[in-house]
Asker: 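One structure, pasted below without further comment.
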Amino acid sequence: MAQSQGWLRRYFKAFCKGFFVAVPVAVTFLDRVACVARVEGASMQPSLNPGGSQTSDVVLLNHWKVRNFEVQRGDIVSLVSPKNPEQKIIKRVIALEGDIVRTIGHKNRLVKVPRGHMWVEGDHHGHSFDSNSFGPVSLGLLHAHATHILWPPERWQRLESVLPPERFPIHTSEE
Amino acid sequence: MLRGVLGKTFRLAGYTIQYGCIAHCAFEYVGGVVMCSGPSMEPTIQNSDIVFAENLSRHFYGIQRGDIVIAKSPSDPKSNICKRVIGLEGDKILTTSPSDIFKNCSYVPTGHVWLEGDNLQNSTDSRYYGPIPYGLIRGRIFFKIWPFRDFGFLRDSPNGHRFSDD
């Protein structure tokens, strides 16, 4: 009897030790380095979810790349929705601070992106809840940079940081 | 000899990673100690005060009117601001000072909060940059640790008139 009890206690100790090492490391990795997420909705068609609701793409979200809030125009990023903090939205960065954008469906035709903000748009204009609805978003809401599509296997690819030429800001801050 | 040193280095690296991860989880999901700088929250929080901030309210969406919060600055995501929540989404905010004849009100949009410092004369807050998205809030300050004579829970806003009655 004493031997089986000793075995149970040793097992419990090993489990606790492993648990308190594995859980914080896994949580930190998923928060700080990278995680995966399923994309829902049609706002980024045809880049993401071209099949509509039949198959949702699963993307790799890279937190490490945005740890200093450095993004380029054309990156696909995930951010906390400014209208609903419980939701994350995935959009493409069109303009950075200091740029002037020509808007689609916004109350002002031209908008200058303030300091510390960015302008994001979905690729599927008209079916996208993006900066054309809620204006420029603060860089502090940036969550991750979507770098690859992982699922379905026939859609394995690296997501390119491409800015559609018709959406170029009319004035960029580098000029 | 080399294997001993290598073994020790790996063990040290392992412990550093493990404790670093535990620290990240504690700061991100529970809370931590913060030092505040600046005069915008006087007299409640003075310059160089050390306070305790908790992050549970943010994750459970329990931030209320009158809470002192730490948030990422909307114009500089790498720096933090420390202000009091005056209005939640849907609240009516007076954007002109009480001495003006024509009162100008605005409503806080969905998903946003209106922040103001307790030191209204010397605070850059929502009166300057507008309401900020809830997603920028990092945590709630509820306890002061230093200076020792002010040890304890933080007092209510000295600007009670700024809170809307709705």
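In what follows, every heavy atom counts, from backbone to side chain, and hydrogens, waters and symmetry copies are set aside. Since this is a predicted model, take the numbers as computed values, not measurements. Here is how names work: the chains are called A, B, and so on, in the same order as the sequence lines, proteins then strands, and each is numbered from 1.
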Asker: B:Glu42: which residues meet the salt bridge (charged side-chain N to carboxylate O under 4.0 Å, His left out) condition with it, sequence neighbours left out?
Answerer: none

Asker: Assigning hydrophobic clusters by single linkage (Ile, Leu, Val, Met, Phe, Trp, Tyr; side-chain heavy-atom cutoff under 4.5 Å), is B:Val108 placed with B:Ile86?
Answerer: yes

Asker: Do A:Phe129 and A:Met44 belong together in a cluster built from hydrophobic side chains that touch within less than 4.5 Å?
Answerer: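 The answer is no; the residues belong to distinct hydrophobic clusters.
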
Asker: Chain B heavy atoms under 4.5 Å from A:Phe134: which part of the residue, side chain, backbone, both or neither?
Answerer: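 For A:Phe134, neither part sits under 4.5 Å from chain B.
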
Asker: Would A:Val77 and A:Val137 show up in the same hydrophobic cluster when neighbours are defined by side-chain heavy atoms closer than 4.5 Å?
Answerer: yes

Asker: Which residues in residues 114-126 of chain B have any heavy atom closer than 4.5 Å to a heavy atom of chain A?
Answerer: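 The residues closer than 4.5 Å to chain A amount to none at all.
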
Asker: Within a 6.0 Å radius of atom CZ on B:Phe143, are there more than 12 heavy atoms belonging to other residues, nucleotides or ligands?
Answerer: yes

Asker: To the nearest 0.5 Å, how far apart are CD in B:Glu28 and CG in A:Asp31?
Answerer: 5.5 Å

Asker: In this structure, would A:Val58 and A:Ile90 fall into the same cluster of hydrophobic residues linked by side-chain contacts under 4.5 Å?
Answerer: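 No, because A:Val58 and A:Ile90 fall into different hydrophobic clusters, even though each may have its own neighbours under 4.5 Å.
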
Asker: Does atom CZ (A:Arg102) have a neighbourhood of more than 12 heavy atoms from anything else shown, all under 6.0 Å?
Answerer: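 Counting other residues, nucleotides and ligands, CZ of A:Arg102 stays at 12 neighbours or fewer.
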
Asker: Which pair of heavy atoms, one from B:Tyr29 and one from A:Val27, lies closest together, and at what distance?
Answerer: CE1-CG1, 3.7 Å

Asker: Taking all heavy atoms of A:Pro85 and all of B:Gly135, pick out the closest pair and write down the distance.
Answerer: CB-N, 4.2 Å

Asker: If you tally heavy-atom pairs under 4.5 Å against chain B, which of A:Val21, A:Val80, A:Asn84 wins?
Answerer: A:Val21

Asker: Test side chain to side chain contact (heavy atoms under 4.5 Å, CB included) on A:Ser138 and B:Ile132 and set out the steps.
Answerer: CA-CA 9 Å; A:Ser138 175; B:Ile132 71 161; over 6 Å; no

Asker: Are there residues of residues 140-161 of chain A that reach to under 4.5 Å of chain B by heavy atoms, and which ones?
Answerer: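 When heavy atoms of chain B are the reference, residues 140-161 of chain A contributes A:Gly140, A:Leu141 within the under-4.5 Å range.
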
Asker: Output the residues of residues 70-81 of chain B for which the shortest heavy-atom distance to chain A is under 4.5 Å, in residue-number order; output 'none' if no such residue exists.
Answerer: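 Residues of residues 70-81 of chain B touching chain A at under 4.5 Å: B:Lys72, B:Ser73, B:Pro74, B:Ser75, B:Pro77, B:Lys78.
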
Asker: With the 4.5 Å side-chain cut-off for hydrophobic clustering, are B:Ile45 and B:Phe151 part of the same group?
Answerer: no

Asker: How about A:His127: does its NE2 atom have over 12 heavy atoms from other parts shown lying under 6.0 Å from it?
Answerer: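 Atom NE2 in A:His127 is not packed in, count stays at 12 or less.
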
Asker: Chain A heavy atoms under 4.5 Å from B:Tyr61: which part of the residue, side chain, backbone, both or neither?
Answerer: side chain

Asker: Has A:Arg67 got more than 12 heavy atoms of other residues, nucleotides or ligands less than 6.0 Å from its CZ?
Answerer: yes

Asker: I'd like to know whether NZ of A:Lys83 has more than 12 heavy-atom contacts from other residues, nucleotides or ligands below 6.0 angstrom.
Answerer: yes

